[in-house]
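Let me begin by presenting the structure, written as C-alpha cells, before commenting on it.
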Amino acid sequence: MPSSQTKPKGKPVGAVLQAVRLLRALSDADAPMGVSAAARAANINTSTAFNVLRTLTAETLTVFDETTKTYSLGQGLLDLSRTLRQPALADRLRAELPELAAQTGRLIALWEITGTRVILIDRAQSDRPVRLDLDLTQRMPRYLGAIGRAAAAADKLGKAALKREFGKLRWAGDLTLEDYIQSVASARELGYGVDRTALYEGIVAIASAVTDADGQPVFGLSAIEFAERMSDEDIALTGELLADVARRYSMS
C-alpha cells in the first residue's frame, strides 16, 4: 500500500506550480513584494507572475496594494486553512446541540462561518409536543440573519462597512439600515445577535459566534423559534446561554 508520502503519478500542472511558488515567495518575504521581485523569488517570468498574482488576488489568496504596487498573502488562505484546523472543534460543538435544544426548548443550528458565507452543518430539535419544523437555508451571506449579526460584531465592522454589506442582503421582513447597525452594536455588547422576523416571517433567531485564536468568527450557534413563543426575557435568557457556550469554545 502506498504511503501518504508517495508522490502522485502524472505530469504536474504548470499554472498550479507557479501559483504555489509565488505564494511561498510571498510567505518567505519580510515585506510585500512587487511583481518583478516575486517573479525572481519564484523563478518564473514576470508576465506569468503578473497574471497568476492577478488571479490569486481575485480569489482573495493575495492582496494588492495600489499605492506601493506590491502583493502580500490574503485572507483567503486563512479561510482555506480553517478546514484543517477546526474539525475537532466542530465535533465538540455538535455534541452540545442536543443539550442546548433540551435546555432552551428551541431548534438549535450549528453554522460554519467561512469566507463570504455561513453554512449550516448540523441542527438539533427539542423534544416537545409542538416543534418548529423550519426548512433552514443551507448557505447564507455572512452577515444575514441573527448569525450574520453575531459575525459582523465579531468582525468589528464599522458603520461604513455595515452599510455596504447591508445593501447586499435580502430580508423577508422590514428592516432598516439604522435598525441593522443598532442590532450589530447590541450583538457586540451582549455577545449574541437577534433577528426578529426580518429573515423569516414570524420567526425569531438568536445567535452567538465562536472565534478562533485570531478573534475571527469560525462557527455560530443559533436558537430559532416562533415569534409568538418568545418574550424579551426568553430571548435574553437564550442569548446569554448561547453566548456562554460560544465563549467557552472560542480560542481568542
- Query: Leu56 and Val20: same hydrophobic cluster, using ILVMFWY side-chain contacts below 4.5 Å?
  - Reply: no
- Query: Got Leu23 and Leu77 here, is their nearest side-chain heavy-atom distance under 4.5 Å?
  - Reply: yes
- Query: How far apart are the closest heavy atoms of Ala49 and Val35, and which atoms are they?
  - Reply: CB-CG1, 4.2 Å
- Query: Partners of Ser47 by side-chain hydrogen bond (donor to acceptor under 3.5 Å, both in side chains), sequence neighbours excluded?
  - Reply: Asn45
- Note on the structure: Students should find that the hydrophobic cluster of Leu237, defined by side-chain heavy atoms under 4.5 Å apart, otherwise consists of none
- Message: Are the side chains of Trp111 and Ile121 in contact, using a 4.5 Å heavy-atom criterion?
- Response: no
- Query: What's the shortest heavy-atom distance between Ala25 and Ala38, and which atoms?
  - Reply: CB-O, 4.3 Å
- Quick one: salt bridge (charged side-chain N to carboxylate O under 4.0 Å, His left out) pairs with a partner in residues 147-162, sequence neighbours left out? Arg142-Asp155, Arg149-Asp195
- Query: Taking side chain as C-beta onward, heavy atoms only, is Val118 less than 4.5 Å from Tyr143?
  - Reply: no
- Is any side-chain heavy atom of Val184 less than 4.5 Å from a side-chain heavy atom of Leu157? no
- Query: Would Ile113 and Phe219 count as a side chain to side chain contact (heavy atoms under 4.5 Å, CB included) if you check the C-alpha gap in whole Å, the side-chain angles of each, and the deciding distance to 0.1 Å?
  - Reply: CA-CA 5 Å; Ile113 305 171; Phe219 291 104; 5.8 Å; no
- Query: Can you name the residues that form a ring-ring contact (aromatic ring centres under 6.0 Å, His included) with Phe64, not counting sequence neighbours?
  - Reply: Tyr71
- Query: With hydrophobic residues grouped by side-chain heavy-atom distances under 4.5 Å, do Val52 and Val63 end up in a single group?
  - Reply: no
- Query: Would Leu221 and Glu96 count as a side chain to side chain contact (heavy atoms under 4.5 Å, CB included) if you check the C-alpha gap in whole Å, the side-chain angles of each, and the deciding distance to 0.1 Å?
  - Reply: CA-CA 10 Å; Leu221 292 164; Glu96 292 277 356; 5.8 Å; no
- With the side chain counted from C-beta on, respond yes when Met33 and Thr70 share a heavy-atom pair under 4.5 Å apart, and no when they do not. no
- Query: Taking only residues two or more places apart in sequence or in another chain, which ones pass side-chain hydrogen bond (donor to acceptor under 3.5 Å, both in side chains) with Arg196?
  - Reply: Asp232
- Message: Ignoring hydrogens, what is the shortest heavy-atom contact between Leu107 and Ala124? Give both atom names and the distance.
- Response: CD1-O, 3.5 Å
- Message: Do Leu169 and Tyr180 make a side-chain contact, defined as non-hydrogen atoms from C-beta onward lying under 4.5 Å apart?
- Response: yes
- Which residues pass the side-chain hydrogen bond (donor to acceptor under 3.5 Å, both in side chains) test with Asp234, sequence neighbours left out? Ser231
- Query: Within a strict 4.5 Å, meaning less than it, do heavy atoms of the Glu225 and Val204 side chains meet?
  - Reply: no
- side chain to side chain contact (heavy atoms under 4.5 Å, CB included) between Thr57 and Arg54: does it pass, once the steps are laid out? CA-CA 5 Å; Thr57 299; Arg54 184 173 59 181; 5.8 Å; no
- Going by the side-chain contact (heavy atoms from CB on, under 4.5 Å) test, name the single residue among Ile224, Val194, Ile206 that passes it with Met230. Ile206
- Item | Pairwise distance CE(Met140) to OG1(Thr116) - rounded to 0.5 angstrom | 12.5 Å
- Check the hydrophobic clustering (I, L, V, M, F, W, Y; side-chain heavy atoms under 4.5 Å; chains of links allowed) and say if Leu110 and Met251 are grouped together. yes
- Closest non-hydrogen atom pair, Ala227 against Thr197: CB-CG2, 3.9 Å
- Item | Shortest non-hydrogen contact from Thr46 toward Ala39 | CA-CB, 3.9 Å
- Taking the side chain as every heavy atom from C-beta outward, state whether Phe166 and Ile181 have any pair of such atoms under 4.5 Å apart. no
- Task: Answer yes or no: does atom CZ of Arg139 have more than 12 heavy-atom neighbours from other residues, nucleotides or ligands under 6.0 Å?
- Result: no
- Item | side chain to side chain contact (heavy atoms under 4.5 Å, CB included) evaluation trace for Leu177 with Lys163 | CA-CA 7 Å; Leu177 171 61; Lys163 181 178 180 180; 3.6 Å; yes
- Message: Looking at every non-hydrogen atom in both residues, tell me the closest pair between Ser208 and Gly191 and how far apart they are.
- Response: OG-O, 2.7 Å
